[in-house]
Amino acid sequence: MKKAGFVTIVGRSNVGKSTLLNSLLGTKISIVTDKPQTTRLPIKGILNEARGQIIFVDTPGLYHKTKDLLTSKLNSLIYQELEGTDLAIYLADPGKPIGNEEHELLRALEHLPKEKKFLVLNKMDLATHPYIHEYESLADHFAKMIKVSAAEEMGLTDLVDAIFEILPEHELYFDEHQMTDLPSTDWMAEVIREKCYQYLHDEVPYTTQVRIDSYGKDKKIYKIEATILTNDERYKPMIIGAGGQKIRDIGSAARKEMELAMGTKIFLHLNVETDPHWAERLGKISAN
Ligand SMILES: Nc1nc2c(ncn2[C@@H]2O[C@H](COP(=O)(O)OP(=O)(O)OP(=O)(O)O)[C@@H](O)[C@H]2O)c(=O)[nH]1
Ligand SMILES: [Mg+2]
């Protein structure tokens, strides 16, 4: 029988969890930015090989700088995902010292047996890793310590080999050709949300969520209607921009990426609405 199992990637915000997921799968499934708290859904990416199937779960990064509803919801999603996982990858960035977030995650990981935990040090492509010794001293608590660069795709074969070594024999959980469990509307919304992070500044992208209102094919063109929700009326003009320039930039960047991924022409129409309550509904759209 083949091997199959769930591997949950946890770590502080911005350590490169989503980059790692995308590099492992060789395609972009999870969105990546240089800002913290980018990932909001636990996104599953599925690696299929002759040896079996690894389902990687990308989680929101633990983040303690702000104490709001969104942050506490994102933080609690991490713990839900760790329950019942076959392996936890604790991803760390040795360019940053161990802080409160690391201590909290390490405490959460104490509930898992050592054999079910890997310590993975990322961003090894950078010239210096000033805090690497702090993380190396944690190695005893993990079954393995592996050094990688998610961005430069270094060390990933070793990581995948080590994962297959410890995964149980199990029938496949997903169809062999499937790469993600994300329904296509969630994926479309994530692409648009990523462009909000690229084109909007400071706190503005954090106030946004994206809703897909309708989609479908009309002749050869795929039509998508979506709304960017912001929790405060005052952010609306910033999202729209002078003469509508910002929303056009966001829309056109999202459209190009969707056309590339879907291999079809797309007509994307974006609206902007104020909805102070979107964060309260967030847990209900978890990708589980
Ligand atoms: N130099 C270098 N940069 C990396 C590497 N992996 C990720 N990054 C960068 O680190 C930043 C954060 O990457 P993400 O993958 O979004 O991090 P994350 O852990 O998913 O962040 P959250 O979803 O906010 O928790 C981005 O600017 C990436 O390009 C790496 O191996 N080397
Ligand atoms: Mg992420």
Side-chain angles (χ1 to χ4, degrees), residues 7-45 56-66 68 70-82 88-96 98-102 104-105 108 118-132 135 145-160 180 182 186-187 189-191 193-201 203 205-210 257 282 286-287:
V7 175
T8 307
I9 308 170
V10 298
R12 207 197 48 226
S13 207
N14 239 2
V15 295
K17 297 177 294 301
S18 300
T19 307
L20 180 65
L21 177 87
N22 294 337
S23 291
L24 285 163
L25 298 180
T27 181
K28 197 170 128 199
I29 283 185
S30 201
I31 72 178
V32 170
T33 74
D34 58 3
K35 302 181 176 70
Q37 288 191 316
T38 302
T39 304
R40 287 187 193 158
L41 294 171
I43 287 176
K44 295 188 181 69
F56 289 102
V57 187
D58 180 19
T59 64
L62 192 65
Y63 191 66
H64 278 329
K65 292 234 164 50
T66 44
D68 56 8
L70 177 63
T71 302
S72 72
K73 285 215 168 193
L74 293 184
N75 288 349
S76 75
L77 280 173
I78 305 169
Y79 301 109
Q80 283 172 29
E81 289 302 320
L82 278 176
I89 287 183
Y90 172 57
L91 192 68
D93 173 357
K96 299 253 167 64
I98 292 184
N100 289 337
E101 281 96 345
E102 272 78 18
E104 183 176 336
L105 280 166
F118 285 0
L119 170 62
V120 178
L121 304 182
N122 190 30
K123 309 200 184 183
M124 294 308 293
D125 57 291
L126 295 176
T128 58
H129 333 98
Y131 300 96
I132 197 157
Y135 294 94
M145 178 173 72
I146 298 176
K147 295 176 184 171
V148 303
S149 162
E152 298 297 325
E153 305 190 9
M154 283 157 38
L156 302 188
T157 329
D158 288 348
L159 177 60
V160 171
T180 175
L182 211 58
D186 283 355
W187 174 78
E190 287 290 275
V191 173
R193 202 164 60 78
E194 179 181 53
K195 305 309 169 201
C196 291
Y197 278 87
Q198 253 166 39
Y199 287 94
L200 303 172
H201 300 293
E203 76 275 26
Y206 294 98
T207 74
T208 64
Q209 175 68 327
V210 174
E257 184 162 333
L282 194 68
S286 145

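All ligand and atom numbering here is 1-based and tracks the order in the structure.
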* Structure fact -> Value for NZ (Lys96) from CG (Asn14), rounded to nearest 0.5 Å, stands at 6.0 Å

* To do: Could you tell me which atoms of ligand 1, counted from 1 in the order shown, lie closer than 4.0 angstrom to a heavy atom of Gly61?
  => 25 (O)

* Structure fact -> min-distance protein heavy atom vs atom 5 (C) of ligand 1 -> Ala151 CB, 3.6 Å

* Asked: Which ligand 1 atoms, with their elements, are less than 4.0 angstrom from a heavy-atom of Gly16?
  -> 7 (C), 13 (O), 14 (P), 15 (O), 17 (O), 18 (P), 19 (O)

* Asked: At what distance, to the nearest 0.5 angstrom, does CD of Glu152 lie from OG1 of Thr19?
  -> 11.0 Å

* Asked: To which protein heavy atom is atom 23 (O) of ligand 1 closest, and what is the distance rounded to 0.1 Å?
  -> Thr39 OG1, 2.8 Å

* Asked: If you count the atoms of ligand 1 from 1 in the order shown, which ones are under 4.0 Å from a heavy atom of Val15?
  -> 19 (O)

* In Å, rounded to the nearest 0.5 Å, how long is the span from CD of Glu104 to CD of Glu101? -> 8.0 Å

* From atom 28 (C) of ligand 1, work out which of Val10, Thr19, Asn14 has a heavy atom at the shortest distance. => Thr19

* Asked: To the nearest 0.5 Å, what is the distance between OH (Tyr79) and OG1 (Thr8)?
  -> 13.5 Å

* Asked: Counting heavy atoms only, which of Lys17, Met124, Glu152, Glu194 comes nearest to atom 25 (O) of ligand 1?
  -> Lys17

* What distance do Tyr131 atom OH and Ile98 atom CD1 have between them, rounded to the nearest 0.5 Å? -> 11.0 Å

* **Ser18 near the Mg ion (ligand 2): N/O/S under 2.8 Å** => yes

* Please round to the nearest 0.5 Å and tell me the distance separating atom CE of Met154 and atom CG of Leu159. => 13.0 Å

* **Close-contact set for ligand 1 against Asp125 heavy atoms, below 4.0 Å** => 1 (N), 2 (C), 30 (C), 31 (O), 32 (N)

* Would you indicate whether Asn100, at its atom CG, is surrounded by more than 12 heavy atoms from other residues, nucleotides or ligands within a distance under 6.0 Å? => no

* To do: Evaluate the criterion side-chain contact (heavy atoms from CB on, under 4.5 Å) for residue pair Tyr135 and Glu102; output intermediate values, then yes/no.
  => CA-CA 10 Å; Tyr135 294 94; Glu102 272 78 18; 3.7 Å; yes

* Without swapping roles, check the side chain of Thr208 against the backbone of Pro205 for a donor-acceptor pair under 3.5 Å. => yes

* To do: Indicate yes or no: does an N/O atom of Lys123 lie under 3.5 Å from an N/O atom of ligand 1?
  => yes

* Run the numbers for me: atoms of ligand 1, each under 4.0 Å from some heavy atom of Leu126, listed by number. => 1 (N)

* In the protein, what heavy atom is nearest to atom 26 (C) of ligand 1, and what distance, to one decimal place, separates them? -> Thr33 O, 3.5 Å

* To do: Could you go through the side-chain contact (heavy atoms from CB on, under 4.5 Å) check for Ile9 and Leu91 one step at a time?
  => CA-CA 7 Å; Ile9 308 170; Leu91 192 68; 4.3 Å; yes

* **Short N or O distance, Val32 and ligand 1, threshold 3.5 Å exclusive** => no

* **Nitrogen or oxygen atoms of Asn122 and ligand 1 under 3.5 Å apart** => yes

* Structure fact -> One finds that the ligand 1 atoms under 4.0 Å from a non-hydrogen atom of Asp34 are 27 (O)

